Peer 1: 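Got a structure for you, written out below as structure tokens; questions coming shortly.
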Amino acid sequence: MDPTLWTRRWTRRLRALFQTHAVDAELDEELAFHLDMAAQQNLRQGMTPDEAKRQATLAFGAVRKHREETREARWLSWFPDLSLDVRLGARMLVKYPGITAIGGFAMAFAIWVGCITFEMVNLIVNPSLPLPDGDRIVKIGVMNVQESSEESQILHEYTAWRSALRTVTDLGAYRDQTLNLIARAGDARPIEVAQMSASGFSIVPEPPLLGRTLLADDEHSGAPPVIVLGHEVWQTRFNGDPDVVGRSVQLDEVFATVVGVMPEGFEFPVAHDAWTPLRTDVLEQTPGAGPAVTVFGRLAPEASIEAAQAEVELIGQRMTAELPTTHEHRRPRVVPYTADVMPGDDLLMSIGIPAFAVMLLVLVCSNVALLMFARAATREGELIVRSALGASRRRIVIQMFAEALVLGAVAALVGLVAADIALRQLGAPFLEANVGELPFWFDVRLSPLTVLYAIGLTVLASVIAGVLPALKVTRGISDNLRQAAAGAGGLKFGGVWTAVIITQVAFTTAFPAVLLLEQQLLSRVNNFEAGFPAEQYLAVLIEPEDAAFGSDSQSVAARQAISDRFVPALERLRQRVLSHPEVIGVTFVDMLPRDNHPDRLIQLDEDVATSVARTAQASMDSTEPFRLVQRAYIDAAYFDVLQAPILSGRNFQPSDLIADARVVIVDQGFVDQVMRGRSPVGQRIRYHNPWAEARGEVLPPEPWLEVIGVVKELGMGTPSESGRAAGVYMPIMPGVQGPINMMVHLRSDPLQFISQLRTAATLVDPTLRLSEFKRVDQVTDVLAWVLRLWLKLTAVLSAIALVLSLAGIFAVMSFTVSRRKREIGIRVALGANARQVVLSIFRRPLTQVSLGVAAGAVLGFAFLWRMVSCQDNVCVETGIVSVTNVALLVVYGVFVFGVCLLACVVPTRRALSVQPMEALRAE
Amino acid sequence: MTPAKPSSAPSDVIRGTLELLILKALSLEPMHGWAITQRLEQLSREALRVGQGSLYPALQRLEEKGWVDSEWRATEQNRRAKYYELTRAGRRALGQEAETWRRYVDMVELILHT
């Protein structure tokens, strides 16, 4: 196109958009010129001036109409009118405060849910590094294609990449280590240390707050040990000491000199507290051996991730050729740095959750659309007049869209502010409760992308709430004009609105089933009995130093050495803690009471004899025979410390702690459910995995274990699941299986004992990592917090559904009464009594509400019936159908029914007060 | 456009052809809206009546398509008027539209004579 013409065209378009008045004035001038010319021609033909003018206007036709048509032919012609429509929309918000409040709140809630879910999902599915050129930072890993798993012992590859890779610069590696930092004597606390190449500090070019970062020289095997501290560790463990650089600190049993402190927020590579050099002697590993490391780097200028992938593949092929025995199935791959860090990066997460949020929005906005339609219906006369005056259907639709857009914009603003507050206050704790500690790039607050998404949601909401009713209202508006002239209303509530009302009443009725389920889960968690005074016990997780990976003899020996040290250290710690006057007892358990105990299937002696256990599936739904148990490993003192006497048989003895003692103690739940009241003492049980057998895996049979005693129920099972657990306790020497919980029974407040316990542990062995201190009654706190959060959300959703239902039915009833005023007037005039009038009005909403309540009750009942929970391949139906719950649902259904009918009261009273003469005169 | 007998009553422009007729009128020289209606009536020997009011929305659509361009100029009587002019794209479009129209007329003729 000719550039001059192009420029002129766009100038004209933009003028029409932003200088509407001037362009309109020009159009008026042009039309006036035309009429003048026509009048002059008429004058020349001998007409009088007035006649000439009149005839010219007649020949031209409706000037205003043609003017409007010319304006509408302009580019984005609707845009200049939008500001007027927006102003009108704002006025409507004030004029109809009911719809504004109800519709606005509902839309705000839907947008709030949409924004929060989008932000959360986006953080996990589409993470981005808040670093310069963050998208060019990559991770290089190795996949084992045979086992479809990520290889972690890749130091040998790393060494090769370091010398050969050209497409990736600043190549480095880190190894995760949990080390005990002893900042003050007797105060060892675990911190997350990245044993990292100095190049990690080039990837994130942030200068240290104090001192220096790691240097390449620190990596040499003979270099003195150094550490760089993170801001939080510096603040909490060293009280922000400005002279910390140069201090010597103890890391486990090694002393290192603090050489620097990093600024707040620096947690590279993931969520680390401190950094030590990855020494070159660590790198000298045989292929496929050594500690687990992660390799990172930055794509070289001009290099793409595909080019880097091609290069590592080439190196990989060379290695496979050189080392076919160890590297046959190892395939290196280059991925964005943030890939594979968080769990849940799947289809459900990326599509399912946002789709649910959008569906919620559509549902809510359909209800708002119903209100808008009812409002538009009351303005039908106005719309018909506007149409008669030349407003096109498009014009009216745009105006109603603008009204909904204003409401949507206000709702979006409220929703966004609320989402920002919720994300800042609850986002990070919620994610941490579900997925653990968050990487440094997780900035849980409203992002610009989410704001854009909210704008998209707002437009969608406005289209649903504004355009749909507008299209319905304006359909066949010219016919309506005729009907209105004949004295009858043209608009009707058709099938769509009936469906909307039935759906919303159904959801209103069904939501409480979810609420009920959550409430019962929560009350189950809160009322889950520990069977002993849990608030008097302090629990702490104790872990040994990090064990080596791999199955090579060196790694196996290293692990054994750690275990050999850990077991006696725990015993020494027990003795030291026991000597404290505040302490009543000390015991060890792998899984704390009231925590989630894994389910296992067992067989009894008698099962094998009768082949009962082959019907493994039958045992999953709590029918006969009950063979699902929960297991915990405990030391010999457990029941004494928990002050739970043995009910029959005997307690564990120290001699039972050896590996092949093959004795167990069961709880009363086991006696009642598995044994059906028979004595289990002397019975033999063994664990059993029917799924592995079904898959064709050949496993050596588990050994038979003899039940030697019975104890009361002591918080075995899963707190959120219904039914009693059947507990099986196995004896264990504390520490032989690695991390274990210590429980300390105290005479005073258990939480006051934490620092003394730390000191004791540090003195016993500085490598003991103590974490997760809590009172035993606090075990379910996080679960209860998450459940309470869901409960509140569902309650708000239920309340919104209820209010929307009420408003919708009220709107429909008001509309019906006003529409049928004339008919009611005639009926009353003809002698109809109040009952007949009420019945004729009630019939329709009565049917809609009845259908909705029935559908909702079925939905809610089905939800309660089919609720299934799964854990480690074991799925258990946790349906909570009971007489009480069904009764509650029925009562609630009746309540919804009653409340919905209550919404009909005002319009009905209005209908009954219709005076025949007034009604007929008004028409 | 089939010329009608001058004696018969003027016909309205067939729906959809106004834009083609405007392009044709403008192919001779740039002119303002009033002149276009006059030229069309003149070309049809007074047999065609252009809906004057519908001329301006059509001109606006043609401008929007980039087929005509406009500018304000003084007329011979020294009055300010908006003159429309065919662009190169408009001239091409005229050829294509005219061809389409001829094909259509031939087709209708064919049907009427069978």
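Values in this document were obtained by computation on a predicted structure and should not be read as measured data.
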Peer 1: Spell out the residues in residues 453-463 of chain A that have some non-hydrogen atom less than 4.5 Å away from a non-hydrogen atom of chain B, in order of number; otherwise answer 'none'.
Peer 2: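 So far as heavy atoms go, nothing in residues 453-463 of chain A approaches chain B to under 4.5 Å.
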Peer 1: What residue among A/H66, A/H34, A/R71, A/E30 forms side-chain hydrogen bond (donor to acceptor under 3.5 Å, both in side chains) with B/Y56?
Peer 2: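 Passing option: A/H34.
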Peer 1: Is there side-chain contact between B/Q38 and A/Q41, with at least one heavy-atom pair below 4.5 Å?
Peer 2: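 Yes; the side chains approach each other to less than 4.5 Å.
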Peer 1: I'd like to check the ring-ring contact (aromatic ring centres under 6.0 Å, His included) partners of A/Y96; sequence neighbours left out, ordered by chain and number.
Peer 2: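 Partners of A/Y96 under the ring-ring contact (aromatic ring centres under 6.0 Å, His included) test: none.
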Peer 1: Measure A/L31 against the heavy atoms of chain B and call it side chain, backbone, both or neither at under 4.5 Å.
Peer 2: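 The side chain, not the backbone.
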Peer 1: What part of A/A62 gets closer than 4.5 Å to chain B, counting heavy atoms only: side chain, backbone, both or neither?
Peer 2: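 Looking at A/A62, nothing touches chain B.
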Peer 1: How long is the gap from CZ on A/F33 to CZ on B/R79, to the nearest 0.5 Å?
Peer 2: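 So the gap between those two atoms works out to 6.0 Å.
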Peer 1: So for atom CZ, which belongs to B/R73, do other residues, nucleotides or ligands contribute more than 12 heavy atoms lying within a distance under 6.0 Å?
Peer 2: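 For B/R73, atom CZ is crowded (more than 12 foreign heavy atoms under 6.0 Å).
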Peer 1: Among B/D69, B/T37, B/L55, B/L59, which residue has the highest count of heavy-atom pairs closer than 4.5 Å to chain A?
Peer 2: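 Among the listed options, the one with the most contacts to chain A is B/D69.
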Peer 1: Within a reach of under 6.0 Å around CZ of A/R15, are more than 12 heavy atoms found that belong to other residues, nucleotides or ligands?
Peer 2: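 Enclosed: over 12 neighbouring heavy atoms sit under 6.0 Å from CZ of A/R15.
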Peer 1: Taking all non-hydrogen atoms of both residues into account, name the closest pair between A/A73 and B/P57 and its distance.
Peer 2: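 Closest pair (atom of A/A73, atom of B/P57, distance): CB-O, 3.9 Å.
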Peer 1: Quick check: are there more than 12 heavy atoms from other residues, nucleotides or ligands sitting under 6.0 Å from CZ of B/R80?
Peer 2: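 Enclosed: over 12 neighbouring heavy atoms sit under 6.0 Å from CZ of B/R80.
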Peer 1: If you tally heavy-atom pairs under 4.5 Å against chain B, which of A/D36, A/T70, A/L35, A/V63 wins?
Peer 2: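 Winner by heavy-atom pair count: A/T70.
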Peer 1: How long is the span from the CD atom in B/Q60 to the CD atom in A/E69, to the nearest 0.5 Å?
Peer 2: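 The distance works out to 12.0 Å.
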Peer 1: Spell out, as yes or no, whether a donor-acceptor pair under 3.5 Å connects the side chain of A/R8 to the backbone of B/S70.
Peer 2: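 Between the backbone of B/S70 and the side chain of A/R8 there is a qualifying donor-acceptor contact (under 3.5 Å).
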Peer 1: Consider side-chain hydrogen bond (donor to acceptor under 3.5 Å, both in side chains). Of A/R9, A/R12, A/R13, which one does B/E64 pass it with?
Peer 2: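 That would be A/R13; it is the only one of A/R9, A/R12, A/R13 passing the side-chain hydrogen bond (donor to acceptor under 3.5 Å, both in side chains) with B/E64.
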Peer 1: Tell me, for B/R61 versus chain A, whether the close heavy atoms (under 4.5 Å) come from the side chain, the backbone, both or neither.
Peer 2: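 For B/R61, the contact with chain A is made by backbone and side chain together.
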Peer 1: For the atom pair CD (A/E26) and NZ (B/K82), what is the distance rounded to the nearest 0.5 Å?
Peer 2: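 Taking CD in A/E26 and NZ in B/K82, the distance rounds to 6.5 Å.
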